[in-house]
Q: 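My questions will all concern the structure given below.
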Amino acid sequence: MLDLTFIREHPDLIKEVAQQRNTAVDVDALLAIDADLRETRRRAEDLRAEQNRLSKAIQGAGADREARDGFIASGREVAAALKELEPRERELEAQLREYLLLVPNIPDASVPVGKGEEDNVEIKRVGQPRQFSFEPLDHVALMQGADMLDIERGVKVAGSRSYILKGDAVLLELALMQFALSRITQHGFTALSVPAMAKEFCFIGNSQFPRGREQTYALPEDELFLVGTAEVSITGMHSGEILREADLPIRYVAWSPCFRREAGTYGKDTKGIMRVHQFEKIEQYVICRAEHEESVRWHEELLRNAEELVQALELPYRVINICTGDLGDAKVKGYDIECWIPSEQRYRETHSDSYFHDYQARRANLRYRGDDGVVRYVHTLNNTALASVRTIIAIVENHQQADGTVRVPEALRPFLGGRERLGRAWR
RNA sequence: GGAGGGAUGGCAGAGUGGUCGAAUGCGACGGUCUUGAAAAUCGUAGACCGAAAGGUCCGGGGGUUCGAAUCCCUCUCCCUCCGCCA
């Protein structure tokens, strides 16, 4: 959410940004509602002031019966007038908020302007895709061969895009989670295990709602939704608070399952488990002071942390700067880390590193009191540390051996009881 | 799932229709004292809208009333007991 005053003063900028970001918001309608609300509110406040004056007059009238009755009669009229105005005021407030939630954030000047995924800009490449001395398998053939994956029965249980990890794949998944938690906490981040179900306000605060609502699983009986990332729960957990500047920055690394409906992706990534409805993720999250430079500094640091993990897993990857059209509504700027997937001969997104300035904080009403006593909205950032399924794919495909086993990268071995190979030789 | 009790400022906790944005204590901040600190002592301090005047906020929403922290309805959350349960 942006500051309403800023929107009033820069309607044309908002329109331009909305277009660049492939999103729609009726700025003129928003401003019309705003003007109407301000006028309505002014009238209501005048009436309330009058009401307060009369209330004091009634008390001051004491035994003067006649004066008292006169004031009460006037009070009755004012109350009646207010009663007409107040529903209108509430209605306008609700309408304005609906529009405000649709206004996108202003991208940073360093974000490339573009229409979609194809306009994202690669900013670095690390590691060389491996030259195989044998015909490498895709993750499905490889994992099924090693009895690490059962897609058919996963689909039987939970429908398309579901899967069952088996055997060493389960150990690998847990090892990856522990590996990421262990590394990131060493950087001073506090580990969290957060609710995977959350109330609507968390999703609004985080900007998953109202747009993107159809990507989220709902539990209507309980008015809860399944989170697509721990980010939702973390934004919710501090919402409405006023933190102290001395407590900042707050750095979390959170473990949670992630649920995604993947509505509208029929036909995309139909083979294998590249795109699934449920996976596990370790997420980095930072709440810091409201300074652009500090946001940028953390954005880069979160990227470094994630890169460190990917490098330790010996995966070739690249980093891209996401263009305006692919950025969504909320981010000021975003990097993706994409790992090399041999079977696809291309890089695929495994991490997403974002900063928001106060956009999420405003929606979640998350503020801090500066050392100067001024209350401001915090800045928020987050980046994947490690997401289970896609990283599993990258590891098994990149580290597969001619015999059908998977070499365990050195850094991961302590989390797998020292094992050097996963799966069993089968080809 | 059933029965009961609660929700007030950073925290604890008064306040049952007007003089209450709200006593008091603790904590916080600033001053005095001190080499420094503690103690003592004096003082300051909530959030939101508004250029201001002014208005709003005592868990959320609705209602009664000229007037609600206080009365009524409703929702949420917390606590206690019972049931169920990893």
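The analysis underlying the following values was restricted to heavy atoms, covering all of them including side chains, and did not include hydrogens, waters or symmetry mates. In what follows, chains are A, B, ... by sequence order, proteins preceding strands, each numbered from 1.
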Q: Indicate whether any N or O donor in one side chain lies under 3.5 Å from an N or O acceptor in the other, for A:H187 and A:E308.
A: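 A:E308 and A:H187 do have a side-chain donor-acceptor pair below 3.5 Å.
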
Q: Name the nucleic acid region contacted by A:V78, choosing base, sugar-phosphate or nothing; use a 4.0 angstrom heavy-atom cut-off, strictly under.
A: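 Since no nucleic acid heavy atom lies under 4.0 Å of A:V78, the category is nothing.
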
Q: Identify whether any heavy atom of A:R90 sits under 4.0 Å from a base atom; if not, whether one sits that close to sugar-phosphate; answer base, sugar-phosphate or nothing.
A: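 The residue A:R90 makes sugar-phosphate contact but no base contact.
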
Q: With a 4.0 Å cut-off on heavy atoms, is A:R42 in touch with a base, just the backbone sugar-phosphate, or nothing at all?
A: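 Result for A:R42 = nothing.
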
Q: Suppose we call two aromatic rings close when their centres sit under 6.0 Å apart. Are A:Y285 and A:Y252 close by that rule?
A: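 No, the ring of A:Y285 stays outside the 6.0 Å limit from the ring of A:Y252, centre to centre.
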
Q: Do you know the tightest heavy-atom contact between A:F356 and A:A330?
A: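 Where A:F356 meets A:A330 most closely, the heavy atoms are CD2-O, 3.4 Å.
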
Q: Does B:U19 have OP1 or OP2 sitting under 4.0 Å from an N or O in the side chain of A:Q59?
A: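 Answer no for this pair, as no side-chain N or O of A:Q59 is under 4.0 Å from OP1 or OP2.
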
Q: Are A:N382 and A:E283 close enough that some pair of their side-chain heavy atoms sits under 4.5 Å apart?
A: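 Result yes, sub-4.5 Å side-chain heavy-atom pair found.
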
Q: Using Watson-Crick or G-U wobble geometry with both distances below 3.5 Å, tell me the partner of B:C77, or none.
A: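 Partner of B:C77: B:G6.
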
Q: Is the phosphate of B:U65, meaning OP1 or OP2, less than 4.0 Å from a side-chain N or O of A:K83?
A: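 Negative; the distance criterion is not met.
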
Q: At under 4.0 Å, does any side-chain N or O of A:R367 touch on OP1 or OP2 of B:C48?
A: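 So the side chain of A:R367 is within the cut-off, an N or O lying under 4.0 Å from OP1 or OP2 of B:C48.
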
Q: OP1 or OP2 of B:A28 sitting under 4.0 Å from any side-chain N/O of A:R244?
A: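 Indeed not, no polar side-chain atom of A:R244 lies that close.
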
Q: Nearest of B:U76, B:G50, B:C66 to any side-chain atom of A:A79?
A: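 Nearest nucleotide to the side chain: B:C66.
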
Q: With the side chain of A:I242 defined as its heavy atoms from C-beta on, choose the nearest nucleotide among B:G18, B:G54, B:A47.
A: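 Nearest to the side-chain atoms of A:I242, counting from C-beta on, is B:A47.
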
Q: Can you tell me, in whole Å, how much space there is between the P of B:U64 and that of B:G2?
A: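 Those two atoms are separated by 31 Å.
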
Q: Taking 4.0 Å as the cut-off, does a side-chain nitrogen or oxygen of A:R369 come that near to OP1 or OP2 on B:G10?
A: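 So the side-chain polar atoms of A:R369 never come under 4.0 Å of the phosphate oxygens OP1 or OP2 of B:G10.
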
Q: Check whether any side-chain N or O of A:N52 sits under 4.0 Å from OP1 or OP2 of B:G55, and answer yes or no.
A: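 Answer is yes, contact under 4.0 Å.
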
Q: Taking N and O atoms by type only, does the side chain of A:Q51 place a donor or acceptor under 3.5 Å from a partner on the base of B:G67?
A: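 Answer is no: no donor-acceptor pair is held.
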
Q: Can you identify which nucleotide, out of B:A47, B:C66, B:G55, has its nearest atom closest to the A:R48 side chain?
A: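 Among the listed nucleotides, the one closest to the side chain of A:R48 is B:G55.
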
